[in-house]
Amino acid sequence: MITPYRPQEIEPKWQKRWEADALYRSVIDTDKPKFYALTMLPYPSGDLHIGHWYAMTPSDARARFKRMQGYNVLFPMGFDAFGLPAENAAIQRGIHPGTWTLRNVANMRQQMHTMGTMFDWQREAVSCLPGYYRWTEWFFLKLYEMGLAYRKKSPVDYCPSCKTTLAREQVVGEEHICERCGAQVIKKDLEQWFFRITKYADELLDFSKIDWPDKIRLLQTNWIGRSEGAEVTFSIAAEDLPADAAEGEGELVVFTTRPDTLWGATFMVLAPEHPLVERITKAESREAVASYKQQAARQNEIERLATDKEKTGVFTGAYAINPVNGARIPVWIADYVMMTYGTGAIMAVPAHDERDFAFAVKFGLPIIPVIARPDGLAKSFTFPGSVREGFRTELETAGIEFVATPVGDMGEGLFVTLRGDTQIEIYIALMQKFLLPNNWNEVVGARWAFIFTDGEKSEVCELNSVETDAAILARCKAIFPPVTPNRTCMEMLSSLPFYTDVLFHHEYGTMINSGPFSGTPGDVAKSQVIAWLAEQGRGKAAVNYKLRDWLISRQRYWGAPIPMIYCDSCGIVPVRYEDLPVLLPADAEIPKTGENALLYHKGFLHTTCPKCGGPARRETDTMDTFMCSSWYQYAYLSPYYREGDSVTGNDTPWDPAELAYWAPVDSYTGGAEHAVMHLMYTRFFTKALRDAGLLNFDEPMLQYRYQGIILGEPRDGDCVEVSGSWEGNAFQAHHIAVTPFDQRQNWPSIGKSESRVCGEVMDRDDVSLKVQAGDELVVVHVPEGLEIIIPGKESLGGLNDILYHLEVEKMSKSKKNVVAPDTLVATYGADTVRAYLMFGWRWDQGGPWDSKGIEGVVRWVNRVWALVMDAPRNRVPLDAATERELQRAMHTAIKAVTQDLESFSFNTIIARLMEFTNALGKAKDAAWESPVWDTAISHLLLLLAPITPHLAEELWEAIGKPYSVHMQTWPSWDEAMLAVDEIEIPVQVNGKVRGKIVVAANADEATVKAAALAEVNVRRYTEGQQVLKVIVAGRKLVSVVVR
RNA sequence: GGGGAAGUGUCGGAAUGGGCAGACGAGCAUGACUUAGGAUCAUGUGCCGCGAGGCGUGCGGGUUCAAGUCCCGCCUUCCCCA
């Protein structure tokens, strides 16, 4: 009698049993090694998504595996329950954010139970409950106490649609849009709370204590953006400072990563918002400066920083003194310098910085190279008719590369490329000999020289200072007046496209034109200049970070309140620890505008000052939700710890015994998209709590691995048959009949005519369809309210009911390409869904959903079931070889599955299990009910237990083993059992496989060699040839080399 | 523009202390059992060629007895940063 596999019956059965038995309750057991496995907690958005399954069930498999290996495993789950969507739902549906959230939590918790995970639900933590956020507030006070939380007025990213500020990390893309809603983010000056994460920048760059993927480490490293250089103080020229200037007011500290280029700093640029601008701007520049400041303020940061944008700026009229050479250099303002980056002032080295170069060329500011080109490349353009006969021949003789091209109607000019000092010297010498009077020639790039001649004697002028720049240019203007409009030599040279690639470079190289430092090699230039600056007191070594402090204020209701109070007499006063939690008022009404409800809630707003007892006002900003998730791994250890008790700042926020036993997290999994937010914040948080004496370790998660994303499945669009009429190129619909995409055989004939268009819908919007009518894409206009006939649908449909062609893209409800896990579970069972999610993709990569691929897993699971439950039809006698082969397959599977689980290679785990299953199927007729068979089957079930927990449990019971399979020990393999008696070895002749030999597994090299050379086909290829070499590569391959 | 990752059959993907490329699946094809099959089982399936054989891991070079794997130079896609 064949027993059918019914996951819909067995899965809920075991789930109930496990729960009743508290099988997955994790309690401290000092006799066992602990293992804290954690996967990122979901945001309670409504329904569980296939992505949650993809993230959580493989992590569960690994946690189960660790448990069977003898670890005491903790694998908790909770909800990251504060955040904007709840408020948006509140506005849209008139429901309290807490109600909406907790309803979703209940629903998703229920859905999660169907996954068959080993979550210990008694440790669940929901971050929006007072028992949780009391501690979130407590941590804020701690950080405030430690000087790690501070309030500052600063320009911050503000989303006008969400009506709240955002952390820098929550602003995405070139357009600077809000991560949540996609609106353009603007800059706003606001008083905000920050966490001093920058204090930990260097420690965050140290990944030596954690096993995290390179990708994440790199992302964090880049985000922190440490750069080493120097701080150099430039001073505004004394005469340009206002009379009432305070001591040191005119000092501008500049950070530069390239102190070796200091001698090339020919001007300074300040951010238009820089406070000194007002003070130093000369009367004649005042108007221009004022209007430029206004214009800059209107642009966003991205527009200002774009490298390809035309440079703009205004001269203030004031000068600064370059501290290394005392040069007076003009001070400009320009929008490409930000007040928020560094000090809001830069030294401009146009010869070696791209933006400074563009700026200097545009405004005629001097550009003096101070770093030699490391590639030795130089160029020269010889003007037609500027040299004597025979110059070309000399160049050819010298082996100098040039191209002769006609220039206008003036004859041929020579475009010369010089490589290395020797060629440059030869060229200059030749030029001195051949240059005709009343001409000049220049060499640019690796050398900056202008050659002039009066016919008798020639002169080489080096372009090496602002003074020589002016002198050379004056001589050129005298010789050739058309260059007169140029303000610098470099501006003149930049008009010749041939020179473009040699005028500017940003490599390190030997210092030139740098006073006493000229000649300093590139590899030591930076450090020597820094040492000298420090010695001279003109600057010092400095480190700069791209990382900003973490902005945690959010002007929203649905978040953990920032426990601070503003008192008119005492100023900013923290709420007393004993008074926590500051509760979110349940009766707050969320304004339709999305504004913070706390601003209008009098009961919340008005309080008394903890210091003086006088009337005071509460902080109405709430905390960024990343604050909640920065410590949730500790919340699970003793959820809602001491809820209801009054606690002090000296208490611990968790049960110390639980912390001592479980923390830190041993293995963490989740999405890579959190690389620079959650994953950096939680590291910072742990380090801060360590410094507060609350933790005694440095890193929250010792190991971390990320999973990819399951995308929507590509799909054909529905077919529409539209009758109507043409209006120009578009078709006006009068009537539409739909044939669904999955009924291709029923589609009407595709094409278009006078009154009809028929084809697949490629795209749609609110008023039209794009229909692929044969080769042509036709736009069909659909009048409002048009009846659309969809077969199998009772009522008439709307435009939105028509499915359009989908490429691979993210799942979204509006595209109707969402895969609902509940439906899959109902159809196939949780075990099959789990196995398919592990099998179908490389876990760290993800990819488009494939609704057909799951069938392979369905078949496999059914085969496993039948293997155990159904007796074979044809019994055959068991022979030793079959027995041996089955054992070998078993040990091979144990080894592979163990190693692959260890290394998160979930797809190959299933493949190896399938192979083992196939081997069992092959041996079944002979081995059924033999001791080898029983061992193999029970081991199969042990290997399956982490992957398909219900199936394994059901079959474990069916073969009469004691409950529960999940309390068994993980099997081990015997290396000796993997061996085979005979092995097949391929034999290559000159790199190509020409034959295969079968030898005893323990055959020595000589035997293998002899067998290889004796192989028939190998002999065909070696016949009559000289065997030069025979390489026996282990027992894997023999390579014969003949000639 | 800078940094990173990836590129393997029709598809998902195996295989890197260099050693038979394509495991395991999907799809497709043929056959068996069936009243029937989108069930199940069996067999086949990189490409070209009747065949011997040749060619094949984005493209072009190189190292090596041997390269998906190592080195050099390109191309494409995706991600992050500007």
Side-chain angles (χ1 to χ4, degrees), chain A residues 2 4 168-169 171-174 176 213-225 301-302 304-309 336 338 341 354-355 506 546-547 672-673 675-676 706 708-711 713-714 742 808 835-863 866 870 873-874 892-893 896 900 905-919 921-922 983-997 1017 1020-1021 1027-1043:
Chain A
I2 286 171
R168 172 68 192 87
E169 295 85 338
V171 181
V172 293
E174 288 182 25
H176 269 210
D214 289 346
K215 176 179 156 171
I216 304 297
R217 293 158 42 149
L218 191 77
L219 282 168
Q220 293 201 354
T221 303
N222 290 344
W223 189 262
I224 294 166
E301 215 164 286
I302 272 302
R304 284 176 58 164
L305 286 170
T307 36
D308 53 353
K309 164 181 164 268
Y336 75 94
M338 293 299 150
Y341 288 74
E354 199 178 350
R355 286 186 304 195
H506 50 63
K546 218 177 75 187
L547 181 72
E673 66 274 17
V676 293
Y706 56 85
I709 299 170
I710 297 296
L711 301 165
E713 187 170 25
D742 53 359
V808 174
Y836 180 51
L837 288 171
M838 292 182 218
F839 181 60
W841 302 262
R842 270 148 73 163
W843 194 57
D844 60 339
Q845 302 231 141
W849 179 253
D850 176 358
S851 49
K852 281 205 176 113
I854 196 169
E855 296 296 339
V857 177
V858 171
R859 287 198 269 266
W860 170 63
V861 169
N862 276 298
R863 273 206 303 279
D870 304 342
R873 282 174 236 159
N874 316 306
T892 307
D900 290 351
S905 306
F906 299 106
N907 55 345
T908 51
I909 291 168
I910 313 293
R912 298 289 93 84
L913 287 169
M914 284 172 169
E915 281 171 332
F916 184 28
T917 314
N918 292 346
K922 224 176 240 171
I983 47 171
E984 190 189 59
I985 303 175
V987 184
Q988 295 185 340
V989 179
N990 286 353
K992 293 203 166 124
V993 178
R994 295 303 184 185
K996 290 181 182 181
I997 53 169
N1017 205 43
R1020 261 187 62 205
Y1021 284 89
V1027 175
L1028 295 177
K1029 219 193 229 180
V1030 180
I1031 297 146
V1032 179
R1035 294 288 171 276
K1036 287 179 175 166
L1037 180 135
V1038 180
S1039 186
V1040 182
V1041 190
V1042 299
R1043 193 175 57 199

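Among B:C20, B:G25, B:A14, the nucleotide with an atom closest to any side-chain atom of A:Q988 is B:C20. Among the nucleotides B:A23, B:G54, B:C65, the one closest to the side chain of A:E915 is B:A23. Closest contact between the side chain of A:M914 and the listed nucleotides B:C81, B:G25, B:G3 involves B:G25.
Listed pair A:N990 / B:A66 fails the phosphate criterion, with no side-chain N or O lying under 4.0 Å from OP1 or OP2. For the OP1/OP2 pair of B:G25 and a distance below 4.0 Å, the side-chain nitrogens and oxygens of A:N918 include at least one atom meeting the criterion. Listed pair A:K1029 / B:C65 meets the phosphate criterion, a side-chain N or O lying under 4.0 Å from OP1 or OP2. Using a 4.0 Å cut-off, some side-chain N or O of A:R842 falls inside it from OP1 or OP2 of B:A14. Contact check, A:R994 against B:A66: no side-chain N or O comes under 4.0 Å of OP1 or OP2. For the OP1/OP2 pair of B:A26 and a distance below 4.0 Å, the side-chain nitrogens and oxygens of A:R859 include at least one atom meeting the criterion.
Among the atoms of the strands shown, only primed sugar atoms or phosphate atoms (P, OP1, OP2) are found under 4.0 Å from some heavy atom of A:K1036. At a threshold of 4.0 angstrom between heavy atoms, the contacts of A:K996 include nucleobase atoms, whether or not backbone atoms are also involved. Using a 4.0 Å heavy-atom cutoff across all strands shown, A:G995 reaches no nucleic acid atom at all. Counting non-hydrogen atoms under 4.0 angstrom, A:Y1021 reaches the backbone sugars and phosphates but no base. Nucleic acid contact for A:I1031: base, since at least one base atom lies under 4.0 Å from a heavy atom of the residue.
Distance check, rounded to the nearest 0.5 Å: CG of A:N222 to CG of A:L547 gives 12.5 Å. Rounding to the nearest 0.5 Å gives a distance of 5.5 Å between CD of A:E673 and CD1 of A:I709.
Syn is the classification of B:G9, since its glycosidic angle stays within 90° of 0.
Between A:W841 and A:D850, the shortest heavy-atom contact is CZ2-N, 4.1 Å.
With salt bridges taken as basic N to acidic carboxylate O contacts below 4.0 Å, none links A:K852 and A:E855.
With a 3.5 Å ceiling on both atom-pair distances, B:C20 lacks any Watson-Crick or G-U wobble partner. The partner of B:C78, taking Watson-Crick or G-U wobble pairs whose two distances both stay under 3.5 Å, is B:G4. With a cut-off of 3.5 Å on both Watson-Crick or G-U wobble distances, the partner of B:U43 is given as B:A29. In this structure, B:U35 makes no Watson-Crick or G-U wobble pair, since no nucleotide meets both defining distances under 3.5 angstrom. Nucleotide B:G56 forms a pair with no other nucleotide shown, judged by Watson-Crick or G-U wobble geometry with both contacts under 3.5 Å. Nucleotide B:U63 forms a pair with no other nucleotide shown, judged by Watson-Crick or G-U wobble geometry with both contacts under 3.5 Å. Of the nucleotides present, none pairs with B:G68 by Watson-Crick or G-U wobble criteria with both distances under 3.5 Å. Base pairing of B:A14 is not made with any nucleotide, judged by Watson-Crick or G-U wobble geometry with both donor-acceptor distances under 3.5 Å.
A distance of about 9 Å separates the C1' atoms of B:C24 and B:G13, rounded to the whole Å. Only the P atoms considered, B:U57 is 9 Å distant from B:G9, to the nearest whole Å. Remark: the separation of the C1' atoms in B:A52 and B:U43 is 26 Å, to the nearest Å. On the P atoms, B:G61 is 26 Å away from B:C11, given to the nearest whole Å.
Atom NZ of A:K922 has 12 or fewer heavy atoms from other residues, nucleotides or ligands within 6.0 Å.
Toward the 5' end of RNA chain B, the nearer of the two residues A:K215 and A:V1040, judged by each one's closest nucleotide, is A:V1040. For A:R912 and A:G840, each mapped to the nucleotide of RNA chain B holding its nearest heavy atom, the one lying further toward the 5' end belongs to A:G840.
Across the protein-nucleic acid pair, A:R217 atom CZ and B:C81 atom C1' stand 19 Å apart, rounded to whole Å. What separates CH2 of A:W223 from P of B:G3 is a distance of 19 Å, to the nearest Å.
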